Amino acid sequence: MVRMIKNVKVFAPEYLGVKDIVFDKEILYVGESINTDVLPFEIEIYDANGLYLIPGLIDPHVHITGGGGEGGFVTRTPELDFSECVKNGITTVIGCLGTDGITRSLENLYAKAKSLETEGINTYIYTGSYRVPPVTFTGSVMKDIVLIDKVIGVGEIAISDHRSSQPTFEEIARIVADTRVASLLSGKPGIVNFHVGAGSSGIDYLFKLIDTTEIPIHHLYPTHMSRNRTLFEQGLEFIKKGGTIDLTALQPEELPNEIESFNTVNCIVEIYENKMLDNVTISSDGQGSLPRFDKDGRFLGLSVGSVSSVPHTLKRVVEKGVPFEDALKISTTNPAKVFNMKKGKISKGYDADFVVIDLESWKISTVVSRGEFVMKDGIVKPRIFK
Ligand SMILES: CC(C)C[C@H](NC(=O)C[C@H](N)C(=O)O)C(=O)O
Ligand SMILES: [Zn+2]
Ligand SMILES: [Zn+2]
C-alpha cells in the first residue's frame, strides 16, 4: 500500500524543511508538496499539520525477553512491551541476553523478536549472553550467525566485570574471529557487543585485538562506556582508532538534576565538542537490570532499564546545546552504520521507519515502521492478527 505523510518538517537527520514523503516499505519520494489527484494509483494520505518527522529510532541493546536475576529469582525483570517501544519512537531493536543465560534462553529471545516483528517493529538478536563459551542455538557461534536470519552477532559478552566468566584474551579473540568470518560468509555485520564492567582492565582486550590481530575494529562494539570516567577515556581512545562506542542512555528517573555529574548526557556533550559524534551510539539496556552492589560485591538492589531512556537522553542532550540534527545521529544514522542497515535516514530507498514528533513538547504522536502506521495520533496499532 502506497502512503504519504504530507506537510511535515523533516530532520533526515539534517533539516530538509517542510516536505511530503511517499512510501511503501521503503521511501519512494521526499520532496516538495505534490498534487495527489494526478497520481495513477491509490494512496493513503496522512497530514502531519506541520509537526516534525525524524527517522525511526534504533535501540541496539535491549533485553527484549527481560534479564536481571542478580538478586535471585524475584529480581528477574519483565519482557519488553511492543507499545512501550512505539510510544518512544523506537522502530528497530537488537535483542540480547545478559547475566542470566540459565533461565533465559536464546529460543525465547528469538520467539520474542519474531513476536515484536509481527506486531510491527524491526528486530534482530545477538547469540550468546554474558558468558564464554557463549550459549548458542546450534552449538556454534558461526553457524548461529550464518544460518539464523535474525542473528547479527554475539553479545552481550561480559569483560572486566565481577559477573563475567573471566574470559581469557584467547577466548575473546576466537569469538571475534569466528564472528568476523561468519559475517563474511553471511553478508551480515558480524558485531560482538561487549558488556564492559567497572573492572580496571576496561577494554584492554579490545585494544590488544586491534594491535595483535588482523581483525578490523568495526566488529568490536563495547557498551556501557559511560559507566565511569576511566572507561569513558578509554572509549575516546577507541574512537580515535576508528571504533564506535555505545553508551547506556540516562534512565528517566536517574539524576533528575544531573548538572555537572558524570553521566551519559554530559559524555555525549563532550563527544560532540570533540567532533567525534559520528562514532557514538546510545542504547537503553531496556528491560535489563541496572543492579547495585556494595564494595564487597554484595547485591543491594536493582532497577529496570527502560527504552524511554533513549528519547529522554536525546532530549537532555539537545537541552544542553547540542543541535537536534546532530544529537539525532546517535540513535539513527550511527547505529544504522554499525549494523549496515538501510535505516536511520529520510531519503529515497531507505526503510520507511518514521517518527512524527512535536518538538516543543517532545510528544511522539505517530510512528511508521516498514511503511505501516504502528501508532497514529497517539493510538498504538500493533499488527496482531487476533
Ligand atoms: C550499565 C549498568 C547500569 C547496567 C548493566 N546491565 C546489564 O548489563 C544487564 C543486566 N546485567 C541483565 O542481565 O539484565 C549492568 O548490570 O552492568
Ligand atoms: Zn550489560
Ligand atoms: Zn544489557
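Start at 1 and go down the list; that is how both ligands and their atoms are numbered. Quick caveat: nothing in here was measured; it's all calculated off a predicted structure.
- A cation-pi contact, defined as under 6.0 Å to the ring centre and within 45° of the axis, is absent between K241 and F238.
- Closest to atom 5 (C) of ligand 1, if we only count protein heavy atoms, is D285 OD2, 3.4 Å.
- The shortest side-chain heavy-atom distance between E79 and Q287 does not fall under the 4.5 Å cut-off.
- Ligand 1 places these atoms under 4.0 Å from at least one heavy atom of G67: 14 (O).
- Counting heavy-atom neighbours within 6.0 Å of E107 CD, excluding the residue itself, gives a total above 12.
- The aromatic rings of F232 and F262 lie perpendicular to each other, with more than 60° between the two planes, well past the 30° mark.
- Annotation: atom 1 (C) of ligand 1 to nearest protein heavy atom, H224 ND1, 3.3 Å.
- Short contacts between ligand 1 and G288, defined as distances under 4.0 Å to a heavy atom of the residue, involve ligand atoms 14 (O).
- For the pair R227 and ligand 1, the shortest N or O to N or O distance falls below 3.5 Å.
- For the pair K208 and F169, the distance from NZ or CZ to the six-membered ring centre is under 6.0 Å and the angle to the ring normal is within 45 degrees.
- Here the two rings, on H61 and H195, have centers that are 6.0 Å apart or farther.
- An N or O contact shorter than 3.5 Å links E70 to ligand 1 by distance.
- The closest protein non-hydrogen atom to atom 3 (C) of ligand 1 is L290 CD2, 4.0 Å.
- Using modelled atom types, one side-chain atom of T123 and one backbone atom of A113 make a donor-acceptor pair closer than 3.5 Å.
- Each of the following atoms of ligand 1 lies closer than 4.0 Å to a heavy atom of G68: 12 (C), 13 (O), 14 (O).
- Around the Zn ion (ligand 3), the protein atoms of type N, O or S that sit closer than 2.8 Å are H61 NE2, H63 NE2, E156 OE2, D285 OD1.
- Looking from atom 13 (O) of ligand 1 to the surrounding protein, the closest heavy atom is T99 N, 2.9 Å.
- Separation of the F194 and Y221 ring centroids does not fall under the 6.0 Å cut-off.
- Among all protein heavy atoms, the one lying closest to atom 16 (O) of ligand 1 is R163 NH1, 2.6 Å.
- Salt bridge K114/E119: absent, no basic N to carboxylate O contact under 4.0 Å.
- Two rings, from F11 and F324, have their centers less than 6.0 Å apart.
- The atoms of ligand 1 that sit less than 4.0 Å from any heavy atom of G98 are 13 (O).
- Not a single heavy atom of Q287 sits less than 4.0 Å from an atom of ligand 1.
- Between Y130 and ligand 1, at least one N/O pair is under 3.5 Å apart.
- Among all non-hydrogen protein atoms, the one lying nearest atom 10 (C) of ligand 1 is S289 OG, 3.2 Å.
- Under a cut-off of 6.0 angstrom, the local environment of CG in L39 is crowded, with over 12 non-hydrogen atoms contributed by other residues, nucleotides or ligands.
- Between E319 and K315 there is a salt bridge, since a side-chain N of the basic residue sits under 4.0 Å from a carboxylate O of the acidic one.
- Using a 4.0 Å cut-off between heavy atoms, T77 makes no contact with ligand 1 at all.
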